[in-house]
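All values below come from the heavy atoms of this structure, side chains included, with hydrogens, waters and symmetry mates left out. Keep in mind that what you see is a predicted model, and the values were worked out from it rather than measured. Order of listing sets the numbers, starting from 1, for every ligand and every atom in it.
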Amino acid sequence: MLELGFREIDVGGYDSMKFIREMDVVVIGGGVTGTAILRELSKYVLNCVLVEKEPDLALGTTKANSAIIHSGFDAPYGSNKALTNVRGNRLYHELQDQLGLDIKWLGSLVVAVNDEEMNTLRDLLARGIKNGVKNLELLDREATLAKEPNLKKEIKGALWAPTAGVCWPFGVALSFARCAVQNGAEVITNCTVKKILTEGDRVIGVETSLGNIKAKYVINAAGLTADTVARTAGDNSFTIHPRKGEYILFDKTASESLVNGIVFPTPTKTSKGILICTTVHGNTFIGPNAQDQEDKMDKSTTSMGMNEIISSSQKLIDKLPLGKAITEFSGLRAVSDTGDFIIKEGTVKGLIHAAGIQSPGLSAAPAIAEEVVELLRDIENNMVLKSNFKAIVPKRKVFTDLKKEEQSKLCSENKLYGRIICRCETVTEGEIVDAIHETCGARTLDGVKRRTRAGMGRCQGGFCGPKVTQILARELNIPITEVLKEGVASAMFYEKETAGEDA
Ligand SMILES: Cc1cc2nc3c(=O)[nH]c(=O)nc-3n(C[C@H](O)[C@H](O)[C@H](O)COP(=O)(O)OP(=O)(O)OC[C@H]3O[C@@H](n4cnc5c(N)ncnc54)[C@H](O)[C@@H]3O)c2cc1C
């Protein structure tokens with residue numbers, strides 16, 4: 001047996017010509033799009049597997065974005081973006097409790113600083129109403145400042161969209177995947193699709209780094225590389241190019257001098273603009289800018305980008321607390337040559353693309369998933385809904401949120417809950433062990449961090465990192481040198497060469 005990210009599969013004796021699995025559907029890519037699709041598919045009597053090249057889910061574009069569930073006024077009327085955004089937003093309101101999603105419905109403001117921008121807001125309002133967004137409202141200066149007192153006093157007004165919110169994108173993707181797995185689907189991490197296999201004019205499966213998987217249908221949700229993946233099947237119907245967005249994240253203590261919710265400037269043609277926004281965890285960020293580039297891997301931040309987002313934010317707020325910036329990061333939008341989401345069967349039968357899923361792809365994910373499954377239902381007339389689909393995903397207990405009596409009970413049942421590993425965020429060993437062994441559990445240091453918050457505090461893992469590494473090695477029964485920080489090739493420790501050996 002080979003220990004894979006989230007699943008063990010028997011690969012004994014397979015060679016590259018044999019199939020290690022025979023499935024109805026393979027989903028390529030474990031971002032928010034792929035996991036939402038897997039969940040939607042798991043409502044049907046189908047054998048489905050999702051394959052992800054990284055050791056954990058959501059390490060692509062889903063990892064670094066603004067985390068906003070947009071209301072849906074921005075995208076052109078009738079576009080896939082508009083339709084799936086508005087529907088996706090509604091679905092998240094329903095899914096929040098079922099999946100235990102961390103979402104704060106804060107509402108969003110698009111702020112105008114002059115009369116011309118006020119006219120743009122009127123256009124956005126009209127478009128939003130046409131797109132089906134509920135409860136949009138134009139606010140004057142006073143009403144805007146009442147919501148966001150730190151904005152410049154000279155602003156003109158704002159478009160208020162109460163249905164917008166902020167979420168934890170990793171948690172969203174993880175919950176979609178966990179829901180799918182509890183309904184019989186599989187998730188295999190550390191598994192790269194090298195080629196989509198075809199016979200005549202239709203797909204027959206995928207060749208992966210772990211062997212071939214036979215499948216009637218292949219769903220391509222490979223994010224930035226969806227075009228490369230499609231080309232392996234001879235499908236050249238679209239291209240994807242990366243558009244970088246850079247951010248600055250502030251310490252929680254900076255929040256009171258920034259904003260309470262989600263504040264956009266009036267948008268431009270290429271971007272919704274550089275926003276000032278709170279996160280579900282109570283930090284605030286500014287960003288993103290929009291820089292087209294060739295390289296699909298380059299996520300470096302630049303001083304030019306930082307200056308751009310700082311000066312743009314200063315149009316809305318006088319004093320940015322730059323001394324309280326704690327980190328900079330960037331994400332890459334997967335921009336398609338059509339400018340819209342590509343949700344269609346490709347030039348090869350049985351290959352369905354969910355590609356070019358740039359913003360508002362996070363907001364749209366549950367609706368994109370519905371569309372993909374609808375496409376599948378059009379070509380496969382043998383799809384039967386399960387009668388026993390389990391919609392509720394149990395949420396793991398957070399030790400610090402429990403009452404004293406509950407904490408004592410937990411500690412007396414299992415002493416690991418009495419051992420604090422992350423002092424900054426008060427995370428216990430019991431929670432870390434649970435996060436490793438739960439469905440789609442953590443396999444890396446950052447995987448533990450995202451699931452439990454161990455390492456997210458002031459010391460950023462300086463104190464607990466080595467301890468979490470030891471726990472991962474112990475629980476996964478692997479040498480400490482095999483514990484990864486995040487992606488492939490990110491080992492935490494290496495073996496020292498013995499003295500006297502030549503380098
Ligand atoms: C700067 C920025 C800001 C944004 N802000 C927002 C926002 O506020 N609201 C919003 O709604 N949207 C936002 N978005 C868009 C949103 O983040 C994306 O639409 C969404 O995350 C796309 O998810 P995905 O699953 O399609 O792609 P990804 O998350 O990139 O997932 C693709 C997955 O496929 C895997 N993969 C690739 N190739 C292979 C292969 N050959 N084999 C196996 N696996 C493979 C990758 O490792 C990756 O995990 C923003 C995007 C950016 C960049």
Side-chain angles (χ1 to χ4, degrees), residues 26-38 50-72 74-75 81 84-85 88-89 92 108 164-167 169-170 172-173 176-177 187-196 206-210 218-230 232 240 242-247 262 264 271-272 274-275 277 279 285 287-291 296-297 299 305 309 329-336 341-343 353-369 487-488:
V26 173
V27 179
I28 308 171
V32 73
T33 308
T35 53
I37 292 169
L38 190 72
L50 180 149
V51 288
E52 166 54 53
K53 69 180 166 63
E54 298 293 338
D56 205 347
L57 297 167
L59 295 186
T61 303
T62 303
K63 184 180 134 185
N65 53 63
S66 307
I68 298 167
I69 299 181
H70 295 286
S71 61
D74 193 63
K81 283 184 183 173
T84 52
N85 184 167
N89 180 296
Y92 274 114
S108 68
V166 289
C167 70
F170 173 77
V172 172
F176 284 151
V187 172
I188 306 178
T189 49
N190 281 317
C191 182
T192 304
V193 170
K194 295 178 174 175
K195 191 174 191 295
I196 294 174
V206 290
E207 179 191 329
T208 81
S209 50
L210 298 170
V218 174
I219 315 250
N220 174 13
L224 284 160
T225 52
D227 54 348
T228 322
V229 168
T232 66
I240 304 286
R243 182 174 294 156
K244 188 187 280 180
E246 297 165 274
Y247 294 91
I262 307 164
F264 296 94
S271 156
K272 293 183 189 71
I274 290 164
L275 61 142
C277 185
T279 71
F285 66 81
N289 57 350
Q291 287 294 331
K296 291 185 176 181
M297 305 295 285
K299 290 206 240 165
I309 60 178
F329 63 95
S330 79
L332 298 176
R333 303 169 182 89
V335 182
S336 74
F341 295 162
I342 296 167
I343 309 169
H353 303 299
I357 310 296
Q358 59 175 116
S359 189
L362 171 63
S363 321
I368 293 174
V488 282

message: Is it the case that the side chain of Tyr247 and the backbone of Ser66 share a donor-acceptor pair, with hydrogens and angles ignored and the cut-off at 3.5 Å?
response: yes

- prompt: For Lys299, does its backbone N or O pair with a side-chain atom of Ser330 as donor and acceptor, under 3.5 Å?
  reply: yes

Region of Val51 that comes within reach of ligand 1 [heavy atoms, distance under 4.0 Å]: backbone

- line: Checking heavy atoms under 4.0 Å, the part of Lys194 that sits near ligand 1 is neither

field: Atoms of ligand 1, numbered as shown, that sit under 4.0 Å from any heavy atom of Gly60
entry: 29 (O), 30 (O), 49 (O)

query: What about Tyr247: any of its N or O atoms under 3.5 Å from an N or O on ligand 1?
result: no

message: side chain to side chain contact (heavy atoms under 4.5 Å, CB included), that's the test. Do Ser359 and His70 meet it? Break it down for me.
response: CA-CA 9 Å; Ser359 189; His70 295 286; 3.7 Å; yes

Donor-acceptor contact present, side-chain Thr62 to main-chain Val32, <3.5 Å: yes

Ligand-residue contact atoms, ligand 1 with Thr225, heavy atoms, under 4.0 Å: 37 (C), 38 (N)

field: Leu210 and Val51, any side-chain heavy atoms less than 4.5 Å apart
entry: no

query: Which one of Thr61, Leu362, Val27, Ile68 has a non-hydrogen atom at the shortest distance from atom 9 (N) of ligand 1?
result: Ile68

- prompt: Relative to ligand 1, is Cys191 under 4.0 angstrom through side chain, backbone, both or neither, heavy atoms considered?
  reply: backbone

- request: Quick one: closest heavy-atom pair of Ala36 and Ala365, and the distance?
  value: CB-O, 3.7 Å

Option whose closest heavy atom lies nearest to atom 32 (C) of ligand 1, chosen from Pro169, Ala221, Ala290: Ala221

- prompt: For the residue pair Val27 and Leu38, what are the closest heavy atoms and their distance?
  reply: CG2-CD1, 4.2 Å

- line: atom 17 (O) of ligand 1: closest protein heavy atom, distance to 0.1 Å, is Asn65 ND2, 3.1 Å

task: Pick one of side chain, backbone, both or neither for how Thr62 approaches ligand 1, counting any non-hydrogen atom pair under 4.0 Å.
output: both

- prompt: Which residue supplies the protein heavy atom nearest to atom 7 (C) of ligand 1, what is that atom called, and how far is it?
  reply: His70 NE2, 3.5 Å

task: Indicate yes or no: does an N/O atom of Arg243 lie under 3.5 Å from an N/O atom of ligand 1?
output: no

query: What's the verdict on side chain to side chain contact (heavy atoms under 4.5 Å, CB included) for Glu207 and Thr232, showing C-alpha distance, side-chain angles and the deciding distance?
result: CA-CA 10 Å; Glu207 179 191 329; Thr232 66; over 6 Å; no

task: For atom 5 (N) of ligand 1, find the nearest protein heavy atom and state the residue, atom name and distance (0.1 Å precision).
output: Ser66 N, 3.2 Å

message: Counting only nitrogen or oxygen atoms and a 3.5 angstrom limit, does Ile357 reach ligand 1?
response: yes

- line: Taking only non-hydrogen atoms of Leu332 and a 4.0 Å limit, the atoms of ligand 1 in range are 53 (C)

task: Keeping the roles fixed (side chain from Asn85, backbone from Ala364), state whether a donor-acceptor pair exists under 3.5 Å.
output: no

- line: min-distance protein heavy atom vs atom 36 (N) of ligand 1 -> Lys53 CE, 3.9 Å

query: Do Glu52 side-chain atoms and Glu54 backbone N/O form a donor-acceptor pair below 3.5 Å?
result: yes

field: Any Thr225 side-chain heavy atom under 4.5 Å of Ile240 side chain
entry: no

- prompt: What atoms in ligand 1 come closer than 4.0 Å to a heavy atom of Ser363?
  reply: 9 (N), 10 (C), 11 (O)

field: Intermediate values then yes/no, side chain to side chain contact (heavy atoms under 4.5 Å, CB included), Thr189 and Asp56
entry: CA-CA 6 Å; Thr189 49; Asp56 205 347; 5.6 Å; no

message: Restricting to non-hydrogen atoms, name the atom on Lys296 and the atom on Leu332 that form the minimum distance, rounded to 0.1 Å.
response: O-CD1, 3.3 Å

query: What part of Ala364 sits under 4.0 Å from ligand 1 if we count only heavy atoms: the side chain, the backbone, both or neither?
result: neither

- request: Return the minimal non-hydrogen interatomic distance between Lys244 and Arg333, and the atom names on each side.
  value: O-NH1, 3.1 Å

- prompt: Considering all heavy atoms of both residues, which atom of Ser108 and which atom of Phe264 are nearest to each other, and what is their separation?
  reply: CB-CE1, 3.9 Å

Contact (N/O only, under 3.5 Å) between Val193 and ligand 1: yes

task: May I ask you to list the atoms of ligand 1 that are less than 4.0 angstrom from any heavy atom of Pro360?
output: 10 (C), 11 (O), 12 (N)

- prompt: Does Thr35 approach ligand 1 within less than 4.0 angstrom via side chain, backbone, both or neither, non-hydrogen atoms only?
  reply: neither

- prompt: With atoms numbered from 1 as shown, which atoms in ligand 1 lie under 4.0 angstrom from a non-hydrogen atom of Gly331?
  reply: 53 (C)

task: Have a look at Glu52, Gln358, Glu54 and point out the one with the heavy atom closest to atom 47 (O) of ligand 1.
output: Glu52

message: Test side chain to side chain contact (heavy atoms under 4.5 Å, CB included) on Phe285 and Ile309; report intermediate values, then the result.
response: CA-CA 10 Å; Phe285 66 81; Ile309 60 178; over 6 Å; no

- request: Mind checking whether Ser330 contacts ligand 1 via backbone (N, CA, C, O), side chain (CB onward), both or neither, at a 4.0 Å heavy-atom cut-off?
  value: neither

task: Output yes when the distance from some N or O of ligand 1 to some N or O of Ala58 is under 3.5 Å, and no in every other case.
output: no

task: Would you mind running through ligand 1 and noting each atom that sits below 4.0 Å from a heavy atom of Gly361?
output: 11 (O), 12 (N), 19 (O)

- request: Among all protein heavy atoms, pick the one closest to atom 13 (C) of ligand 1 and tell me residue, atom and distance.
  value: Ser359 OG, 3.4 Å

message: Testing the basics here: between Thr84 and Ala367, what is the closest heavy-atom pair and its distance to 0.1 Å?
response: O-CB, 3.3 Å

query: Near Thr192, which atoms of ligand 1 are under 4.0 Å from a heavy atom of that residue?
result: 41 (N), 42 (N)

query: Which one of Lys244, Lys299, Lys195, Arg333 has a non-hydrogen atom at the shortest distance from atom 52 (C) of ligand 1?
result: Arg333

